[in-house]
Protein chains: 2
Amino acid sequence: MLNFFKQHASLVFENPQIVEDFQEIMVSQKFKKHDIIHSSGSVCSHFYVIASGLARVFYYKESKDITVHFAAEEDSFTAIDSLIQRKKSKYSIEALEDLEVFSINFNDLELLFEKKPEYEHFGRLFLQQIYIDLVERIDDLQLHSTKERYDILLTKKPYLFKRVASKHIASFLGMSAETFSRIRGK
Amino acid sequence: MLNFFKQHASLVFENPQIVEDFQEIMVSQKFKKHDIIHSSGSVCSHFYVIASGLARVFYYKESKDITVHFAAEEDSFTAIDSLIQRKKSKYSIEALEDLEVFSINFNDLELLFEKKPEYEHFGRLFLQQIYIDLVERIDDLQLHSTKERYDILLTKKPYLFKRVASKHIASFLGMSAETFSRIRGK
DNA sequence: GTGATTTCTTGATAATTGTCAAGTTTTATT
DNA sequence: AATAAAACTTGACAATTATCAAGAAATCAC
């Protein structure tokens, strides 16, 4: 868990009090493989950090199942549209492996921010980081062939190719399962 | 300018002091059409809000000129990779019309945040908003045909089609200029 | 305003990728 | 371990989109 903070904000280590404050609003939870952690159409009020396991965020477009995010150890996930805009989410979230997570209720987080405004800094740094991640993802999608997209992801997150069903990676990369299979087979 | 704040955080109106503090670090600047506001390869340390005019953020991929962001009145722009990560940017920024902007030095902004940590809240809300914008953009790109992408943008930002050269919109939508032209001609 | 440059359009063709279908392999259940 | 279900692979074909090329239209510079 410490790694998660380390990843996103070195400030944590300058003040162990911060870790304590955050741990106070974090709840440890477990899910089984294939469990649905969040269902589309409902409001998601939690933010999750993974201790172990792997999850995906996805939605349906014209009955096709599209993965938009993978999260493994130390990564975070949530139904981001719902969490930020406080509306029903278009996304669902599924455990792809048995999962141990730390769950943070967004209201608790906002209360903490109100009580200790200096922690907003952490929230901002975190958002800056995931914003950059998203910018990269757009670049990857906007201008690369299927083969290039495959290779980029293989370089960035090789473990996905061992731990996740191909069809989910294919949809994440915006290509058909057949095209994915042909690329993999060289 | 007030509209920019209104767009991103209603909190501003609960406390006019905030506007004042921000205005203290904002500098008014003008650019001529075709001016390069920022060149790739250099570090960008400013964040811009447009009072009037239109700009684009772009980069070169294999000698092709790819637009990744348009900004018009009340919108903001910067070389986001550079600003957040403090490294040389891959992006350049061009004025597509005569431009009046408010420019904020990122260091000044961070100093303001240090002096008044409660303003981090504003930074976080702003990032949340542009994060959601980006999520939508990925959805638009990942799973829509050229025609659909054209229609989505036409609905969301019709003014671009009147004010911006087609080739820039085409690259922004991830399609060739010829395909763009054929879709437009119905 | 005239010529030069850039942008846009249109056609022909080629390349990429998706869809459908059938068979194979892998995984899950009992 | 046997069976059922799900996931993956492969081929044939179709659809989409890019590329190249050439001409038309629009914009820019003097």
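These figures come from a predicted structure and were not determined experimentally. In the text below, chain A, chain B and the rest are named by the order of the sequence lines, each starting its count at 1. Scope of the values below: all heavy atoms of this structure, side chains included, with no hydrogens, waters or symmetry mates.
For the helix from dG1(C)-dC30(D) to dT30(C)-dA1(D), the rotation axes defined at the first and last 5 base pairs enclose an angle of 70°, given to the nearest 10°.
The side chain to side chain donor-acceptor pair (under 3.5 Å) search around Lys116(A) returns Asp21(A), not counting sequence neighbours. Here Glu114(A) pairs with Leu111(A) under the side chain to side chain contact (heavy atoms under 4.5 Å, CB included) rule; sequence neighbours left out. Applying the ring-ring contact (aromatic ring centres under 6.0 Å, His included) criterion to Phe31(B), with sequence neighbours excluded, gives no partner residue. In this structure, the side chain to side chain contact (heavy atoms under 4.5 Å, CB included) partners of Ser145(A), at least two apart in sequence or on a different chain, are Lys147(A), Glu148(A). Applying the side chain to side chain donor-acceptor pair (under 3.5 Å) criterion to Thr146(B), with sequence neighbours excluded, gives no partner residue. For Ala177(A), there are no side chain to side chain contact (heavy atoms under 4.5 Å, CB included) partners, not counting sequence neighbours. Residues meeting the side chain to side chain contact (heavy atoms under 4.5 Å, CB included) test with Arg86(B), sequence neighbours left out: Phe106(B), Asn107(B), Glu110(B).
Contacts between chain B and DNA chain D, taken as any atom within less than 4.0 angstrom of a protein heavy atom, begin and end at dT17(D) to dC28(D).
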Readout for nucleotides 9-28 of chain C: B = base within 4.0 Å of protein heavy atom, S = sugar-phosphate only, - = neither; 5' to 3' it is BBBB----SSBBB------S

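Counted by atom type alone, Thr179(B) and Ser176(B) present one or more donor-acceptor pairs between their side chains at under 3.5 Å.
Other members of the cluster containing Val43(A) do not exist, because no ILVMFWY side chain is joined to it at under 4.5 Å.
Ring pair Tyr119(A)/Phe113(A): centre-to-centre distance not below 6.0 Å.
Note: Phe122(B) and Phe126(B) have parallel aromatic rings, judged against thresholds of 30 and 60 degrees for the angle between ring planes.
Taken residue by residue, residues 65-72 of chain A places no heavy atom nearer than 4.0 Å to DNA chain D.
Under a 3.5 Å cut-off, the side chain of His69(B) and the backbone N or O of Ser76(B) do form a donor-acceptor pair.
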